[in-house]
> 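Here it is: the structure, laid out below.
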Amino acid sequence: MAYILALNPLIIGTAADKNGKLLNGAPKFLDAAGKTLNEAAIDQNKMMVLAATALIAGIMTILMGVWGRFPLGIAAGLGINSLLAYSVAPTMTWPQAMGLVVWEGVLIFIFVITGVREAIFRSVPRSLRAAISVGIGMFVAFVGLVDSGVIRAGSGTPVQLGIAGSLEGWPIAMCVIGFLLVVILQIRKVPGSMLITIVTVSVLSVIVESIAKLGPRVGDDNPTGWAQNVPKLPSASSFSWPDLSLVGKVDLVGGFLKDGHFNIATFVGVLLVVFSLMLADFFDTVGTVVAIGNQAGLNDAQGNPPHLKEILMVDSLSAVAGGLGSASSATGFVESSAGVGEGARTGLASVTTGLAFLVAMFVSPVITMIPSEAAAPMLVFVGFLMMAQVRDIDWTDIAEGVPAFLTVIFMPFAYSITVGIGAGFIVYCITKLVTGKARLVHPLLWVVSALFVVYFAQGLLLGLL
């Protein structure tokens, strides 16, 4: 799981909100034209994100061990942090975006204690559940390819391969090496393959930069430079007590307002964003918990793990904690299966993992040497892993396959997980209606689809209002 300590700072730690500011409140660029990166602020922000990520992961994983009594590690979820960084934050401030994460966690907690969570789970058909996971995987993979420079804005085309259709430069070479290495290690079933790859490619990148002096790539300037941050060894003076100033930096109200005032279209739109965050968190957790319990031989005859309610309550509180800590929503990691494979069967494994995360708070300066080209291959590979669920979709049934297809393609093409979920839900209701199977659609799904119609038509509705 330790790879999240490298990936989360590179995802939410380098993304700017609608005001062009980072999580720590500093501007991402030093000039209005967006040409000169504020490298010092970005490095500091990444260290702060790592400290917050490790703190939340440590506390909530220990809580999972003590209260949930289950061998499940908790940390910032990859799909949700990408949604926050690339879809939500550009429409509001970072504190407001983290406020939505808190509300998402609060909703899930209420749903757990009232039993509504199970009802929501049942309301979304299996094909759409699978499509949401596959779509998020494609979205995350696309983000990785773009962040590494393997895919860029095209000349005459929306996107293209590398520089004018060619893979040029050492940074892209590092990304390709990283992807091949993680694939080989995974095939060989080497434990910690993602972390090993990130460390290996980072060290190689530091060596390349020290010799070639490539510098950063900003816009069209220096196209063969490093995409996010220049790999360099941290100075000894940069190692200090973890900076936890991001903890508590949230705005629980502002995200629902437009320019400080209530607006019905904005309010509904943000509610749907919260719902999308909840869905992304929701289905991953249930699938992960069942899978881990099954692997460990802990599930009962109905396939339910022990202490399920406690496990789900800790998971929902983890989302709240992730928002309050500005680390993005924290959730259960399927990588916990590695611990189960080594014999973990009780909450003691989670307590041990949590303590290791707390120790990791003190290595945040090391993250400044990791380029996005070392992390991007992990995003692409995670996309591959999430693609496996495509087999749960019945492609021979148009009424099932088309909504799932739209869910998958709209996430990367529209660069929005919310749009993908909305398109899938609406078209699913329509296909069931025209095939005379409307009664099979859960009433809750009709309500959510109607809200998504409002979300997509908010510009038109705003004009009418």
> Please determine whether side-chain contact (heavy atoms from CB on, under 4.5 Å) holds for the pair V182 and M378, giving the CA-CA distance in whole Å, both sets of side-chain angles, and the decisive distance to 0.1 Å.
CA-CA 8 Å; V182 73; M378 305 312 107; 4.0 Å; yes
> Any chance you could measure F333, atom CZ, to T353, atom OG1, to the nearest 0.5 Å?
12.0 Å
> Could you walk me through whether S328 and N8 pass the side chain to side chain donor-acceptor pair (under 3.5 Å) check?
CA-CA 9 Å; S328 180; N8 206 37; 5.1 Å; no
> Any side-chain heavy-atom pair from L100 and M92 closer than 4.5 angstrom?
yes
> Would you call L379 and F142 a side-chain contact if the rule is heavy atoms closer than 4.5 Å?
no
> Considering residues, nucleotides and ligands other than L385, do more than 12 of their heavy atoms fall under 6.0 Å from its CG?
yes
> Should V247 and L324 be marked as a side-chain contact (heavy atoms from CB on, under 4.5 Å) after you check the CA-CA gap, both sets of side-chain angles, and the distance that decides it?
CA-CA 6 Å; V247 176; L324 291 175; 5.9 Å; no
> Strictly distance-based, threshold 3.5 Å: is any side-chain N or O of N19 a donor or acceptor partner for the main-chain N or O of K21?
no
> Using only atom types and a distance under 3.5 Å, with no angle test, would you say the side chain of R152 pairs donor to acceptor with the backbone of P223?
yes
> Got a sec, which residues hit ring pair (Phe, Tyr, Trp, His ring centres under 6.0 Å) with F413, two or more places apart in sequence or on another chain?
none
> Does atom CZ of F410 have more than 12 heavy-atom neighbours, drawn from other residues, nucleotides or ligands, at distances under 6.0 Å?
no
> What is the minimum heavy-atom distance between P377 and C175, and which atoms define it?
CG-O, 3.3 Å
> Check whether any side-chain heavy atom of M48 lies under 4.5 Å from a side-chain heavy atom of L23, and answer yes or no.
no
> Between S336 (side chain only) and G73 (backbone N and O only), is there a donor and an acceptor less than 3.5 Å apart?
yes
> Under the 3.5 angstrom rule, does the side chain of S350 hit a backbone N or O of L72 as a donor-acceptor pair?
yes
> Any side-chain heavy atom of W226 sitting closer than 4.5 Å to one from P216?
no
> Would I4 and N81 count as a side-chain contact (heavy atoms from CB on, under 4.5 Å) if you check the C-alpha gap in whole Å, the side-chain angles of each, and the deciding distance to 0.1 Å?
CA-CA 11 Å; I4 195 62; N81 61 7; 4.3 Å; yes
> Is there a side-chain contact between K249 and M98, using heavy atoms and a 4.5 Å cut-off?
no
> Does W446, at its CH2 atom, have more than 12 non-hydrogen atoms belonging to other residues, nucleotides or ligands within less than 6.0 Å?
yes
> Checking S318 side chain against A330 main chain: does a donor-acceptor pair fall under 3.5 Å?
no
> Less than 4.5 Å apart, any side-chain heavy atom of P403 and any of L128?
yes
> As a quick check of understanding, evaluate side-chain contact (heavy atoms from CB on, under 4.5 Å) for L406 and I409, giving each step before the final call.
CA-CA 5 Å; L406 293 177; I409 65 169; 4.2 Å; yes
> Quick check for you: to the nearest 0.5 Å, what is the distance between T224 atom OG1 and N222 atom CG?
5.0 Å
> Nearest 0.5 angstrom please: I59 CD1 to L317 CG, how far?
12.5 Å
> Does the D251 side chain pair with the main chain of P95, one donor and one acceptor, at a distance under 3.5 Å?
no
> A375 and L7: which non-hydrogen atoms are nearest, and at how many Å?
CB-CD2, 3.0 Å
> Going by the angle between their ring planes, with limits at 30° and 60°, are F256 and W103 parallel, tilted or perpendicular?
perpendicular
> Once the angle between the rings of F425 and F452 is folded into 0 to 90°, is it parallel (under 30°), tilted (30 to 60°) or perpendicular (over 60°)?
perpendicular
> At their closest point, which heavy atom of D17 faces which heavy atom of W94, and how far apart are they?
OD2-N, 3.2 Å
> Is the backbone of G154 close enough, under 3.5 Å, to the side chain of T157 for a donor and an acceptor to pair up by distance?
no
> Quick one: do S193 and Q186 satisfy side chain to side chain donor-acceptor pair (under 3.5 Å)? Show the steps, please.
CA-CA 6 Å; S193 57; Q186 286 278 339; 2.7 Å; yes
> With F139, which residues qualify under ring pair (Phe, Tyr, Trp, His ring centres under 6.0 Å), at least two apart?
Y415
> At their closest point, which heavy atom of V101 faces which heavy atom of G322, and how far apart are they?
CG1-C, 4.5 Å
> Can any side-chain N or O of S316 pair as donor or acceptor with the backbone N or O of M313 at less than 3.5 Å?
yes
> Is it the case that the side chain of S166 and the backbone of I163 share a donor-acceptor pair, with hydrogens and angles ignored and the cut-off at 3.5 Å?
no
> Using every non-hydrogen atom in the two residues, find where M411 and I421 come nearest and quote the distance to one decimal.
CE-CG1, 3.7 Å
> Identify whether the distance between the nearest side-chain nitrogen and carboxylate oxygen of E400 and K437 falls below 4.0 Å.
no
> Is there a side-chain contact between I74 and F357, using heavy atoms and a 4.5 Å cut-off?
no
> To the nearest 0.5 Å, how far apart are CG in L161 and CG in L167?
4.0 Å
> Check whether any side-chain heavy atom of V453 lies under 4.5 Å from a side-chain heavy atom of S449, and answer yes or no.
no
> Under 3.5 Å, side chain of N38 to main-chain N/O of P27, donor-acceptor pair present?
yes
> How long is the gap from CG on L5 to CG on L50, to the nearest 0.5 Å?
5.0 Å
> Looking only at heavy atoms, which two atoms of K432 and A399 are closest? And how far apart?
NZ-CB, 4.4 Å
> Any chance you could measure S148, atom OG, to I172, atom CD1, to the nearest 0.5 Å?
7.0 Å
